[in-house]
2 protein chains.
Amino acid sequence: MEAQELKGHLDALILAVLAREPLHGYAVIEALKARSGGRLALPEGTVYPALHRLEAGGLLSSEWSTASGRRRRVYRITRRGERELGVRRDRWRAFSTTIDAVLA
Amino acid sequence: MEAQELKGHLDALILAVLAREPLHGYAVIEALKARSGGRLALPEGTVYPALHRLEAGGLLSSEWSTASGRRRRVYRITRRGERELGVRRDRWRAFSTTIDAVLA
DNA sequence: AACCGAGGTATAGCATCGCTAGGTATGGAG
DNA sequence: CTCCATACCTAGCGATGCTATACCTCGGTT
């Protein structure tokens, strides 16, 4: 549905779903799909690198878990990640309001 | 204020201000600043290439005008540009709604 | 005269980052 | 055994906003 217009907002989305509960990558994709009413169908090549980036930035932590022979890397939001989510949410609201004002 | 989070939405903003009245590049920058309450202070290196891109895509047309020794390139939205603006507005609304849903 | 800020246009190159395309592997259903 | 869903990974592409820099005119200040 949407292309590169997601730029700069993906991190907030991922942090938001992980703020509810720890999930592994594939489940993050499903959660985004579910929470958006199917409109956000992000490819793995988008989400996995984003998770790595967020973990490298200290906003997520992860550990391997094995469920019925399948290895999964489960991501959990850190305290810094939660703070950052707050910042991102505010930024999104400001941004969205600004665009609305100009487009109205 | 905002960085690269504008990605994919700039064209809509420019089309929106030019849908009101034809403007030259510098005036587009000022109009965006005014309409956003000063929050959108876009550098020239962002806006000028965008105008060129939009004209190349047939969404804008332009002509030179000279006012008191100063040359200006005045941009005007085309019929295709107006249609595209409608599409972009719808897309923005869908996008914005989707992000809100996930972030809520 | 020299300077400087505001107005005005332009573009080469950088940086970011979502996405495409391809790869690997397991388990269950047909 | 084949197929599909599940599950992970990454090299490289493409799009595009931004930095930095350049060039020009005009009016006011020094």
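Letters A, B, ... mirror the listed sequences (proteins, then strands); counts begin at 1.
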Between atom [atom1] in [X] and atom [atom2] in [N], what is the gap in whole Å?
X: B/Arg71; N: D/dT25; atom1: CZ; atom2: P; answer: 10 Å
X: B/Glu30; N: C/dT9; atom1: CD; atom2: C1'; answer: 14 Å
X: A/Leu13; N: C/dC19; atom1: CG; atom2: P; answer: 11 Å
X: B/Arg73; N: D/dC24; atom1: CZ; atom2: P; answer: 18 Å
X: B/Ile29; N: D/dG17; atom1: CD1; atom2: P; answer: 13 Å
X: A/Lys7; N: D/dC18; atom1: NZ; atom2: P; answer: 12 Å
X: A/Leu42; N: C/dT20; atom1: CG; atom2: P; answer: 10 Å

Interatomic distance, [X] atom [atom1] to [Y] atom [atom2] [nearest 0.5 angstrom]:
X: A/Leu23; Y: A/Arg72; atom1: CG; atom2: CZ; value: 10.0 Å
X: B/Glu44; Y: B/Thr46; atom1: CD; atom2: OG1; value: 9.5 Å
X: B/Arg76; Y: B/Glu63; atom1: CZ; atom2: CD; value: 6.5 Å

Of B/His24 and A/Arg70, whose closest DNA chain C nucleotide lies nearer the 5' terminus?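 Taking each residue's closest nucleotide, the earlier one in sequence belongs to B/His24.
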
What nucleotide among [options] has an atom nearest to a side-chain atom of [X]?
X: B/Tyr26; options: C/dG7, C/dG18, D/dA15; answer: C/dG7
X: A/Leu10; options: D/dT19, C/dC19, C/dG18; answer: C/dG18
X: A/Glu44; options: C/dT20, C/dC17, D/dC9; answer: D/dC9
X: B/Tyr75; options: C/dA10, D/dC18, C/dT20; answer: C/dA10

Can you sort out which residues in residues 45-67 of chain B have a heavy atom within less than 4.0 Å of DNA chain C? Ascending by number, please.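 Of all residues in residues 45-67 of chain B, the ones placing a heavy atom under 4.0 Å from DNA chain C are B/Gly45, B/Tyr48, B/Pro49, B/His52, B/Trp64.
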
Would you mind checking if A/Arg88 and A/Glu84 are paired as a salt bridge, meaning a charged N to carboxylate O distance below 4.0 Å?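 A/Arg88 and A/Glu84: salt-bridged.
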
Using 30° and 60° as the class limits, which term best fits the ring planes of B/His9 and B/Phe95: parallel, tilted or perpendicular?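 Tilted: the ring planes of B/His9 and B/Phe95 meet at 30° to 60°.
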
Does some side-chain heavy atom of B/His52 sit less than 4.5 Å from a side-chain heavy atom of B/Tyr75?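 A side-chain contact under 4.5 Å exists here.
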
Please tell me whether B/Val74 and B/Leu18 are part of a single hydrophobic cluster in this structure, the criterion being side-chain heavy atoms less than 4.5 Å apart.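 No, B/Val74 does not connect to B/Leu18 through the hydrophobic network.
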
